[in-house]
Amino acid sequence: MPHPNPTTARAVITALCRAGQVAKAREVFDGIKSQRSPDCLNAMIAGYVLNGHDSEGLQLFRKFQTSGFDPDQFTLSRMLSISANLNASDEGKQIHTFIVKKNLAVDIAVNNSLINLYFKCKSVGDAEKVFNCMPERDVYTWTVMVSGYATSGSLEKAMDLFNKMPCRNTVSWNSMISAYQSEGYDEMALDLFYKMRERGEVPNKSTFLVVLKACASQQLLDTGKGVHCCLVKLGWIKIVDARCTLMDMYIKCGELLDVQRVFNEISEHNIVSWSILVAGYAQNGKIVEAERIFNGMPERNVISWNVMIAGYVQNGMQDRAFGLFIDMIKGDMRPNCFTLTSLLSGCSSLKYTRSGKRFHGFVMKVGLQSNTSIGNSLITMYGEQGNVGDARLIFDTMPQYDVISWTAIVAAYTSNNDVGEARHIFDQMPQKNLISWNTMMFGYLQNSKNIETNIVTGVTNLDALSFFYEMEQSELKPDQFSYNCALSAGAAIGALEQARAIHCRTVKRGFISDLGVGNALITVYGKCGALNEAEMIFHSMTNPDMVSWNALLTGYSQNGQGSEVLDFYEKMQKSGVWPNRVTFVSLLTACSYLGEVVKGQKFFYAMEKEYGISPTKEHYACMVDLLGRAGHLNDAESIIINMPIEPDAAVWGALLGACKIYGDTVIGRRAADQIFHLEPDNSSAYIALAETLAAARLWEDVAKLRAVMKEKRLLKEPGCSWMEIRNQKHMFLSDDSCHQQKDSIYATLYSLYGSMIEESYALDSDLLISV
DNA sequence: ATAGGGTTAG
């Protein structure tokens, strides 16, 4: 090739690079005499950047730098942005030093690139220094500052600057919208987008894509469809990227048909569009379809594999996920931190402790242990496996935390019954989000659920509820999950007035149509005996599910309204909602109240034979109660003896209770012996047996029993009741005779509940109040 | 400068 002049050479280099022939371009560049023409050098470097060979561009620059060549402004700013992109901050700082040393003239563009560089390597202070010293600024300067703050996590500073900007362009708006969106503030992002349109700023393709992302995570199908229309109108729909983002939005909204439709409109599929399609099917439970598409993909990259592995894990198919991981390694595809986090999250149960350890080993082998997401997954995995020790060890040795790490360790403690430590960590968290608060509140709820942990941890449902009030006072606002927890806590302690107040707030905050919130409301109203209100919520639901029906049925059965249970069950069947084991507990309880032995037996039979639900201890207890209350004590006992699963104290307790009614001391003693064997300190069994013996006037036996109880210190079990009167909470212990307002409370209660109280007094004199 | 798909906490 003849030696072209610099101008021709530059044109040739640019053309070759645009055609993707970087090596050839370099040959031309090396062949010309006037290599040092900044134009040619810039063209060559630009060519490298265009083809994704940033580091070669940097090498070329370094070569010229050492040979005493003075780059122009254009080269400098380009090299600075390459350093920023490569995360080579040292390189960038060297260039900065070079500029200062040589006292080179610096224009706005170079300063802008410097700011960008410093933000990229998190030296916010240095970026600010450059910004403050600039004699002149342009839109780019402001924009790079805004996006720098935004991506360095100072949304406030970014917004502040954004408001102060003398003029904005589409990119400035986009940076701000994108910052809010990627930090999880989708609503703010959308708000800003609407403001942008109001101000008459023209959105571009990127704007719409960010808005689509916000729609995806908020599942705003209608808005998403609107953006789809805009993309079509403006002609951007032809761009594959746009279609990919659209598909993703439809996936998150669960619109598989639209996902497939958009996919079909793409004329040339690439690895991204294929992977999204796989994700679409996998994330919507169509794992077989996903697998089929995955296997038929023309080519795959790590992400395609990750999508499939995550799909298996999300659908509970751990074995397939682990198998694919092996295939991946065999096929020379290197798993990365995304692969491992998915796999580790699949090991979050006792069943997979061994696999979990193996994956942990693999993490160490490939050196991913200091990755924050990996650490987070490990904390969760060990926590869920009941291994708080290892969870803590991981947490303590992690080099860097994010909100998820903190939340994960809190969850690890709450799910292992250490609410105290969980709260201690929660209070120390440097940043908290909605999920962190909900995790803590859910932890209180979980740990006050059963009496055993309640005694160990001392946590009550009131703690969950007061934590909820604390949350309401915080800068974060509760979401549907929070309301769900609060209402469940309220249900457990029968806090009717508080439930009503929380109910109001769910309406105000727009969560009343949430199915989970509705179900929690039915439950709490049912538990409090406010069945009209429970029914009202139920009837206002557009799509009550099995849980809604069960909540209502449980409400009626717990309040002894057997015929309502049976009526509603008939309606449930007509509506086509399938019953589950909870449904049958209500049905059997109802039959027990109504003395409908035959009906109950039919339900019990149908449960297993027609609905394929194997009876649990709870169902057996119901059957024993049903037969026992009807006086069929022998049949009740033989049910227990023939149970295919081990009976617990509650099952024998049902039998003992029936014996108390009928004064059967023979079977009663047998039942009580079984309970004493299972739970040596079960004081209510002692009391029930004592009452049975007393009814038969076996006074000597009663005295002996009392002696045993005294010896075992079972006589004064502090039974505890919560009572809510006129929106005030009161707690009573059974030996608590000095509650300050006791007399006035009794008076109020008496006027409210009258005979009900007398009845409960008569039934159990040891407990002061039980309503 | 913003910029397509994958993960982890309730």
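Per chain, numbering begins at 1; letters A, B, ... match sequence-line order. The figures here come from the full heavy-atom set of this structure, side chains too, leaving out hydrogens, waters and symmetry mates.
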Could you state the atom-to-atom distance from [atom1] of [X] to [atom2] of [N] in whole Å?
X        : N      : atom1 : atom2 : result
A/Phe468 : B/dG10 : CZ    : P     : 20 Å
A/Phe131 : B/dA1  : CZ    : P     : 18 Å
A/Leu343 : B/dT8  : CG    : C1'   : 12 Å
A/Tyr444 : B/dG10 : OH    : P     : 18 Å
A/Gln181 : B/dG4  : CD    : P     : 11 Å
A/Leu155 : B/dT2  : CG    : C1'   : 15 Å
A/Asn270 : B/dG4  : CG    : C1'   : 8 Å
A/Lys120 : B/dA1  : NZ    : C1'   : 8 Å

*Under 4.0 angstrom between A/Lys213 side-chain N/O and B/dT2 OP1 or OP2*: no

*Please collect all side chain to side chain donor-acceptor pair (under 3.5 Å) contacts where either partner lies in residues 364-375 of chain A, sequence neighbours excluded, each pair once.*
none

Looking across every strand, which nucleic acid part, if any, lies under 4.0 Å from [X] by heavy atom: base, sugar-phosphate, or nothing?
X        : result
A/Ser373 : base
A/Val272 : base
A/Ile435 : base
A/Ser377 : sugar-phosphate
A/Ile271 : base
A/Thr380 : sugar-phosphate
A/Ser275 : base
A/Asn169 : base

Of the nucleotides [options], which has the atom closest to the [X] side chain?
X        : options              : answer
A/Tyr140 : B/dA1, B/dG10, B/dT2 : B/dA1
A/Ser175 : B/dG4, B/dT2, B/dG10 : B/dT2
A/Ala408 : B/dA9, B/dT8, B/dT7  : B/dA9
A/Ile276 : B/dG5, B/dA1, B/dG6  : B/dG5
A/Ile404 : B/dA9, B/dT7, B/dT2  : B/dA9

_Let's go through A/Trp305 and A/Asp327 carefully: what are the C-alpha distance in whole Å and the side-chain angles of both, what is the deciding distance for side chain to side chain contact (heavy atoms under 4.5 Å, CB included) to 0.1 Å, and is it a yes or a no?_
CA-CA 10 Å; A/Trp305 286 84; A/Asp327 291 348; 4.0 Å; yes

_For the CD atom on A/Glu136, are there more than 12 heavy atoms of other groups (residues, nucleotides or ligands in this structure) within a distance under 6.0 Å?_
no

*Around atom CD of A/Gln431, are there more than 12 heavy atoms of other residues, nucleotides or ligands at under 6.0 Å?*
yes

Report yes or no: is there a donor-acceptor pair, N or O only, under 3.5 Å between the side chain of [X] and the base of [N]?
X        : N      : value
A/Thr439 : B/dG10 : no
A/Asn433 : B/dA9  : yes
A/Asp248 : B/dG4  : no
A/Asn301 : B/dG5  : yes
A/Thr341 : B/dT7  : yes

*Is it true that A/Lys238 and A/Glu268 have a side-chain N and a carboxylate O under 4.0 angstrom from each other?*
no

*asked:* Salt bridge check, A/Arg261 against A/Asp258: does any charged N sit closer than 4.0 Å to a carboxylate O?
replied: yes

_Run A/Glu201 and A/Lys195 through salt bridge (charged side-chain N to carboxylate O under 4.0 Å, His left out) and show every step you take._
CA-CA 9 Å; A/Glu201 192 70 59; A/Lys195 272 209 190 89; over 6 Å; no

*What is the ring orientation for A/Tyr401 with A/Trp406, classed by angle as parallel under 30°, tilted 30 to 60°, or perpendicular over 60°?*
perpendicular

_Just verifying a value: how many Å separate A/Gln385 CD and A/Cys347 SG, rounded to the nearest 0.5 Å?_
7.0 Å

*Output the residues of residues 478-486 of chain A in contact with DNA chain B, where contact means a heavy atom of the residue under 4.0 Å from an atom of the strand; sort by number or write none.*
A/Asp479, A/Phe481

_Determine whether the aromatic ring of A/Phe338 stacks with the base of B/dG6, defined as ring centroids separated by less than 5.5 Å and ring planes inclined by less than 30°._
yes

